[in-house]
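The structure under discussion appears below in the form of C-alpha cells.
Predicted model, so just to flag it, every value in this text is computed and none were measured.
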Amino acid sequence: MLTVDEQISEQIDKAKRILITFGREWKGDAVASALALKNWLASQNKEADIVAEKPSSPLPYSFLPGYALISHELDNIRRFIISLDITNTTVDQVEYRLEDKTLEFIVSPKNGFFTSEDISSRSSGFRYDLIFVLGAADLESLGAIYDNDTQFFFETTIINIDHQAANENFGQINLVNLNAVAVAEILYDFIILAEKPKLDADAATCLLAGLITETKSFKTQSVTPHALAIASELVTLDARREEIINALYRSRQLNVLKLWGCVLTSLKESLNGKLVWSEISAADFLATKTEPIHLFDVIDELIISMPQAQIIVLVYEEQNHAKAIIHSVRNLNALELTSAFKSKGSRNLSTADFETSLSEASKKLISTLEEKMSHLSA
C-alpha cells in the first residue's frame, strides 16, 4: 500500500495541469508555500497556477519570487469543443463572426459540403486535473474561488496539506501533520522524501519565509527542533534570510510604530492574562496617519510578547461605528466565540461590526468573551 507521500508523487506524475490555492486570509505561510510548490513543480516540467481570492488589503509578501503571478479568478476552467467530421470532405478555410449574441463559425469545404450531422460538441473537462489546497481548514475558507466553482472541486482530486487541528481532511489525499509548525515544514519534508529535483534558492527562500511568518521569526512556543533544523537546511540551500527579515520585520514606518504605542497605552487584560484587548479611536488613526490594516502587525507583536494570551482583541473606530479584530491562539475558536456578533473570518481570526460606540462595543464584546472563556476553562 502506498504511503501518503507516495500517493501525492503519483498524482503529480499523472497530472497535466495543477491548481494551487489557499485560504482567503492569505496567511504568509500558505502564500509562501504555494510559491515554493509552484517553483518546485516547474523544475519537473509540470504546469501549475496559483489562484486565490483577491486580498482585501495590501500584503507584505510581494518580495517573494513569483508573487506577481498569483491570479485571483479561475478563468476558462472548463472548455467547450465543437467538432466537425471531415471524413467526406476536407476544410479549405475557417472564419468566425459575432452576430448580436451569437458566435458563428464559417467553414468552407474544399469540395462537397458539410451537413448538421457532421457537427458535434462536448465539454472537454476541467482545465486542471489536480488541486493542492494549502493551509486551509476547509474548502469554504477558500472563499469565492471555491464558492464560484464548487463542481470543479467536487470532481477533481484534491491534495490537502495543513498543520491545523481544525482541518476537516476534505481532500482525497490528506497530508495533515498536527506536530508541524507550518505548511512550509510539511512541504519541505515531502519534497526531500520525493527525491525529485532539489529546491533552488527561490523555492528555499519561499519555504523559509513560510516558517518565519508562521512562527513570528521563531519566537512562538510552537517552534520545534525539527523546524529549526529545516530552517538551517534552507539557509544552506541559499534561502535569502536577510531579504525575508528586512521585508517582514525591518520595514516598519514611524507612524505605524506610533499606532503600536496607542494600542499599548490602552491595553487591558482579564482571566489571568488569557484575554487581552485594546481600544483604538478614530483620533488615534488620524494622529498617527495610519489605517486599520496596520493593526494586524500589532496583533503579531502581542502574540510574541504575551505568550499567556489565548484571545487578543482590538476594537477600533471606523466611519463612525466600531469594529473588532479577534485573534485566537492555541485551540480556541475565535469565530465561534464571537458568533453572537455575526462575526466573519476563520477559527483563528475573526472580525465583527457594531452599530454602537467604541466603548459600548468593547464592553459587550469583552463581557461575552469573558463569559464564554470562563465556561470553557471551568
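Contact of the L254 side chain with the V256 side chain is not registered, since no non-hydrogen atoms from C-beta on lie closer than 4.5 Å. Side-chain contact between L332 and M373 is present, with at least one heavy-atom pair separated by less than 4.5 Å. Using a 4.5 Å heavy-atom threshold, the side chains of L134 and D162 count as separate. Contact check for D353 versus F341: no side-chain heavy atoms found under the 4.5 Å cut-off.
The heavy-atom pair separating A239 from L208 by the smallest distance is CB-CD2, 3.8 Å. Residues L142 and E53 share a closest heavy-atom pair of O-OE1, 3.9 Å. The shortest heavy-atom contact between I145 and T21 is CG2-OG1, 4.1 Å. Taking all atoms of both residues into account, the shortest heavy-atom contact from A322 to L358 is CB-CA, 4.0 Å. The minimum heavy-atom distance linking E291 with L259 is given by the pair O-CD2, 4.3 Å. The minimum heavy-atom distance between I8 and I173, with the atom names listed, is CG1-CG2, 3.7 Å.
For N148 (side chain) and A144 (main-chain N/O), a donor-acceptor pair under 3.5 Å exists by modelled atom type. Using a distance-only test at 3.5 Å, with no hydrogens or angles considered, a donor-acceptor pair links the side chain of K46 to the main chain of A15. Between the S266 side chain and the E279 main chain, a donor and an acceptor come within less than 3.5 Å of each other. Here the side chain of T236 pairs a donor or acceptor atom with the backbone of S232 at under 3.5 angstrom. Counting only distance, with no hydrogens or angles, the side chain of S362 and the backbone of S359 share no donor-acceptor pair below 3.5 Å. For the pair H327 (side chain) and I325 (backbone), a donor-acceptor distance under 3.5 Å is absent. The backbone N or O of E336 sits less than 3.5 Å from a side-chain atom of S339, completing a donor-acceptor pair. Side chain of E317 to backbone of S281: no donor-acceptor contact under 3.5 angstrom is found. Between the T213 side chain and the G210 main chain, a donor and an acceptor come within less than 3.5 Å of each other. Between the D149 side chain and the F152 main chain, no donor and acceptor come within less than 3.5 Å of each other.
Listed by first then second residue, pairs satisfying ring-ring contact (aromatic ring centres under 6.0 Å, His included) with a partner in residues 9-33 read F22-W26, W26-H72, not counting sequence neighbours. Legend: salt bridge (charged side-chain N to carboxylate O under 4.0 Å, His left out) pairs involving residues 5-21, not counting sequence neighbours, sorted by first then second residue: D13-K196, R17-E47, R17-D49.
Under the 4.5 Å side-chain heavy-atom criterion for grouping Ile, Leu, Val, Met, Phe, Trp and Tyr, Y96 is connected to I82 within one hydrophobic cluster. When hydrophobic clusters are built by joining Ile, Leu, Val, Met, Phe, Trp and Tyr residues whose side-chain heavy atoms come closer than 4.5 Å, directly or via intermediates, V94 is grouped together with F114. Each of V31 and L69 belongs to its own hydrophobic cluster when Ile, Leu, Val, Met, Phe, Trp and Tyr are linked at side-chain heavy-atom distances under 4.5 angstrom. When the side chains of ILVMFWY residues are joined at heavy-atom separations under 4.5 Å, either directly or via intervening members, I212 and F63 end up in a single hydrophobic cluster.
With sequence neighbours excluded, the residues satisfying side chain to side chain donor-acceptor pair (under 3.5 Å) with E25 are S346. Among residues two or more places apart in sequence or in another chain, the side chain to side chain contact (heavy atoms under 4.5 Å, CB included) test is passed with S120 by S83. Residues passing the side chain to side chain donor-acceptor pair (under 3.5 Å) test with T265, sequence neighbours excluded: none. Listed by chain and number, the residues in a salt bridge (Lys or Arg N to Asp or Glu O under 4.0 Å) with E243 are R240 (sequence neighbours excluded). In terms of the salt bridge (Lys or Arg N to Asp or Glu O under 4.0 Å) criterion, residue partners of E318 (sequence neighbours excluded) are, by chain and number, K323. Scanning for ring pair (Phe, Tyr, Trp, His ring centres under 6.0 Å) contacts around F153 gives Y146, with sequence neighbours left out. For T290, the side chain to side chain donor-acceptor pair (under 3.5 Å) test picks out T288, with sequence neighbours left out. For F170, the side chain to side chain contact (heavy atoms under 4.5 Å, CB included) partners are V133, L139, I158, N160, N167, not counting sequence neighbours. Legend: residues meeting side chain to side chain contact (heavy atoms under 4.5 Å, CB included) with E242, ordered by chain and number and at least two apart, are N246, R250.
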Residues 180-193, side-chain donor-acceptor partners within the protein, below 3.5 Å, at least two apart:
{"unit_1": "E185", "atom_1": "OE1", "unit_2": "V181", "atom_2": "N", "d": "2.9"}
{"unit_1": "D189", "atom_1": "OD1", "unit_2": "H226", "atom_2": "NE2", "d": "3.2"}
{"unit_1": "D189", "atom_1": "OD2", "unit_2": "H226", "atom_2": "NE2", "d": "3.0"}

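No more than 12 heavy atoms of other residues, nucleotides or ligands lie within 6.0 Å of CG in N272, so this atom counts as exposed by the packing criterion. Remark: K268 NZ is packed, more than 12 non-hydrogen atoms of other residues, nucleotides or ligands lying under 6.0 Å away.
Separating the CH2 atom in W260 from the CG atom in L295 is a distance of 11.5 Å, to the nearest 0.5 Å. One finds the CD1 atom of I131 at 4.5 Å from the OG1 atom of T156 (value rounded to the nearest 0.5 Å).
For the residue pair S343/T338, the side-chain donor-acceptor check at 3.5 Å is satisfied. Side chains of Q11 and Q7: a donor-acceptor N/O pair is absent below 3.5 angstrom, by distance only.
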Show your reasoning for whether side-chain contact (heavy atoms from CB on, under 4.5 Å) applies to L257 and N255. CA-CA 5 Å; L257 295 176; N255 62 328; over 6 Å; no
Could you walk me through whether W277 and I326 satisfy the side-chain contact (heavy atoms from CB on, under 4.5 Å) test, starting with their C-alpha distance in whole Å, then the side-chain angles of each, then the deciding distance to 0.1 Å, before giving a yes or no? CA-CA 9 Å; W277 75 94; I326 306 96; over 6 Å; no
Is there a side-chain contact (heavy atoms from CB on, under 4.5 Å) between V276 and L267? Walk through the geometry before answering. CA-CA 7 Å; V276 177; L267 199 64; 3.6 Å; yes
side-chain contact (heavy atoms from CB on, under 4.5 Å) assessment of V4 paired with N174: CA-CA 7 Å; V4 172; N174 298 291; over 6 Å; no
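The side chain to side chain contact (heavy atoms under 4.5 Å, CB included) test with L19 is passed by exactly one of F126, F132, Y128: Y128. When the options L199, D202, L37 are evaluated for a side chain to side chain contact (heavy atoms under 4.5 Å, CB included) with L207, the one that passes is L199.
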